[in-house]
Every structure is written in structure tokens, then in C-alpha cells.
2 protein chains.
Amino acid sequence: MSDLLADEKGQDTLPIYGNPGHLARRFHQIAVSIFLNETQAFGITPVQFAALTVVSAYPGVDQRSLARMIAFDRSTIGDVVIRLEKKGLLQRRNGKDKRIKCLFISGEGSAMLEGLAGPIGSFERILLEPLAEGEQKIFMYLLHKLVNQNNELSRVPLEVG
Amino acid sequence: MSDLLADEKGQDTLPIYGNPGHLARRFHQIAVSIFLNETQAFGITPVQFAALTVVSAYPGVDQRSLARMIAFDRSTIGDVVIRLEKKGLLQRRNGKDKRIKCLFISGEGSAMLEGLAGPIGSFERILLEPLAEGEQKIFMYLLHKLVNQNNELSRVPLEVG
DNA sequence: CGGATATCGACAGTATGCTCACCAAATTTA
DNA sequence: TAAATTTGGTGAGCATACTGTCGATATCCG
């Protein structure tokens, strides 16, 4: 195993390359890259996709709750939904509580989510492809465990329910 | 295992929560958060730390090579080194090749790297703490494998040597 | 009822992270 | 050597990500 930890390209020359933080960034960077490749016909970003998915599942959700559900800070999600509204993928309406902006997916948005099912599937497959099937299961299990148990250490913990 | 995949907080209500891309983003987000907590006395970011580490190991390296070594695009690294220069952690000098800016770490920069050794150790420990020791090894092995073999799919592949 | 408190959306400010395009300088090649 | 190509740094532009603060509105509590 240790010969695989020491990578074939010599990327362990620097201590940085073995740093889990560096690998976390690289993994995320690669994930975003594959996502954009597979979904380029739709002109959407990973964050926008996540937001749209939640709004679709919870019609009328407010921005703050949306942010909490996908673990984003309020400012970022504010900008994201404005961009989604500009693209016509969702609408923001004032709720009874005048502080709140309720979010609703548009027909166009729903259609895009349907069309994205295939590309998103490809994205997930390609991202994990370097691992054998058994390894993928183990990796996802460990990744889940890390993310869930470290949730509170995040600047913006994910809050469900 | 499947009961751990379905998380105790009900985070698998949405398909998003099981998406490896979402988990990649969360993992990275958490890593950055822990990094900033542990190193806050130094006022440095993960990217700045990575850049400084490489410049320290390769004195006189140019911006483009630095970017390639830590898998960043040249624009981002340009801004990063300018901020590092403003903080007095490194210097940019013109090389014989007039296109090139050669990077050198300053005494202050070296001192900071030394001081950071402990906090970086804590950071790595905390990030992986939710996993048992054996699990950590397996996780890092699989993460390495994913990142290395998907390297070319990244927008900015890491290039060594 | 009315003041303290909490919450929501918005804005300013900082730092990534990427693409495209540009200029200047170096290298390759005809 | 001169022309074509490549390369390094920079700037514009867009989209995250986060912190802090603010005003408006709701709610809680005496």
C-alpha cells in the first residue's frame, strides 16, 4: 500500500502532497471540474445545482433555511439565488413574514433538474471511477463519517430539520 | 455499514447529501475551517501556506511553476504571491528571463513556517480524528488514489518535475 | 402594551478559484 | 535572421465562500 501512497508522479516530494488538507482541496477541485464538464450544456454550477435541488424538494423555503440545509453562509446563498432568479430557474416571493423571501422553482428549473439527472450520474461515476467498486463503498462510508462527525467544526454547520 | 451511511441527523433526506461532490465540498469546507482555527494566530490561509511551503523548498521558483506544483491556475497564484509579498513573507525578483518573477521566502516567512509546524500537525489530527487509526490509513490511501488518477480531469492538473 | 432580543435579507470587504485575452519576451522553425 | 509559436505575468470578469454590520421586522417577556 505504501508504494501507492507514494505516488507514481513523485508528488510526495513535498510534505504538502501528503497533507489531508491539500488532498481535500484537490479532491474538491477535481469534483468541480468533472461536474462542469458533464453539465456544461446546462450552464450551471455545483452550488447552483445544490440550491435548486433543495428548493425543488422544499417549495417556499426561505434563503436562510436553504443555506443551513446545504451548509452555506447566508451571504453566499443570497448571491446564488439571485443568479438563479436572473436565469429564470427560480422565483423569490415575499412571505407573510416580511423579512422572508420564499423560494420557488420555476418550470424551467424543474426541467433543468430532470435533464441533469443523467449528467449528474455520469459525474458521480467518473469522480469515483479510479476506485474499485468495493473501494468506492468504503471511501464513501469513511467520507460520510468524517463530514458528519466534523460537521460542528465547520464555519457553517449543516443543520437539518 | 449502511446505517452509518444514512446519517444520524437525517442528512440523507435529500439525494444531494449522498452525492460525492457535495461531500467533497463539505470535506474541503471543514478542512479550511479547521485550518483557520488552528493557525489563526498566524493570519494565513491554506493556499498561502501551500505556496509558502513550495517557495521555501524551491527558492527562486517562478510563479507559473509554483502554480503547477500545487495545482492552481496562474491568475490565482499571482494574487496569492502578491498578498504574501505585501505581508513580507516572500519577495518577487526579476529573473534573467525577463518574463519571469522569481520567488524567495523571507526570514519572516521561514519563521512563520517553523511556527506553523505544530498547528498544522493539530489541523491534520483534528481533521481525521473521527476515523480510527486504521480507517485513517485506508481513507488517505483511497483519497490519494482518487486525486492522483483523476489528476488529468482537473482544470489545472498538478505537474511535478 | 412596549422594550429587549432574535432573525431575515442585504451590503461591504477580503480571499479564493477559474476563463479568456493581452502584452512582452523567449524559443522554435522555416 | 525573420516569422511563427510558445510562454510568463497581468488584468478583466464571473462565481464562490466567509466575516462583520446594518435596517426592518417578529417575537418574547415583563
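So you know, we letter chains A, B, ... as the sequences are listed, proteins then strands, and number each from 1.
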* Within 45° of the axis and under 6.0 Å from the centre of the six-membered ring of A/Phe104, does NZ or CZ of A/Arg92 qualify? -> no

* Please check if any side-chain donor atom of B/Asn151 sits under 3.5 Å from a side-chain acceptor atom of A/Arg26, or the reverse. => yes

I need the [atom1]-[atom2] distance between [X] and [N], as an integer number of Å.
X	N	atom1	atom2	result
A/Arg68	C/dA6	CZ	C1'	12 Å
A/Arg74	D/dT16	CZ	P	18 Å
A/Asp79	C/dG9	CG	P	13 Å
A/Asn94	D/dT25	CG	P	11 Å
B/Ile82	C/dT14	CD1	P	15 Å
B/Leu89	C/dA15	CG	P	12 Å
A/Leu36	D/dC14	CG	P	17 Å
B/Asp73	D/dG13	CG	P	17 Å

Phosphate OP1/OP2 of [N] contacted by [X] side-chain N/O (<4.0 Å):
X	N	answer
B/Arg83	C/dT16	yes
B/Lys98	D/dG9	no
B/Gln29	D/dT16	no
B/Ser75	D/dG11	no
A/Arg64	C/dA6	no

* To do: Quick one: label A/Val32 by what it contacts on the DNA or RNA (base, sugar-phosphate, nothing), any heavy atom closer than 4.0 Å.
  => nothing

* Asked: 5'-most contact on DNA chain D: A/Pro46 or B/Ile100, nearest heavy atom basis?
  -> B/Ile100

* Nearest-nucleotide wise, let me know which of A/Thr45 and B/Cys102 is further upstream toward the 5' end of DNA chain D. => B/Cys102

* Asked: Are any of the side-chain nitrogens in A/Asp97 or A/Arg99 under 4.0 Å away from the carboxylate oxygens of its partner?
  -> yes

* To do: Please determine if B/Lys87 and B/Glu108 form a salt bridge, counting it only when a charged side-chain N lies under 4.0 Å from a carboxylate O.
  => no

[options]: which one has an atom nearest the side-chain heavy atoms of [X]?
X	options	answer
B/Asp97	D/dA12, C/dA25, D/dT16	C/dA25
A/Arg99	C/dC18, C/dT7, D/dC18	C/dT7
B/Thr76	C/dT16, D/dA15, D/dA17	C/dT16
B/Gln63	C/dA10, C/dT16, D/dT10	D/dT10
A/Lys101	C/dA10, C/dT16, D/dG9	C/dA10

* Asked: Parallel, tilted or perpendicular: which fits the ring planes of A/Phe139 and B/Phe139, with parallel below 30° and perpendicular above 60°?
  -> parallel

* Asked: Within the side chain of A/Lys101, is there an N or O that forms a donor-acceptor pair under 3.5 Å with the backbone of A/Val61?
  -> no

* Structure fact -> The answer to which of A/Arg92 and B/Lys96 contacts DNA chain C further toward the 5' end, by nearest nucleotide, is A/Arg92

* Asked: Pick the nucleotide of DNA chain C nearest each of A/Asp62 and A/Arg25; which residue has the one closer to the 5' end?
  -> A/Asp62

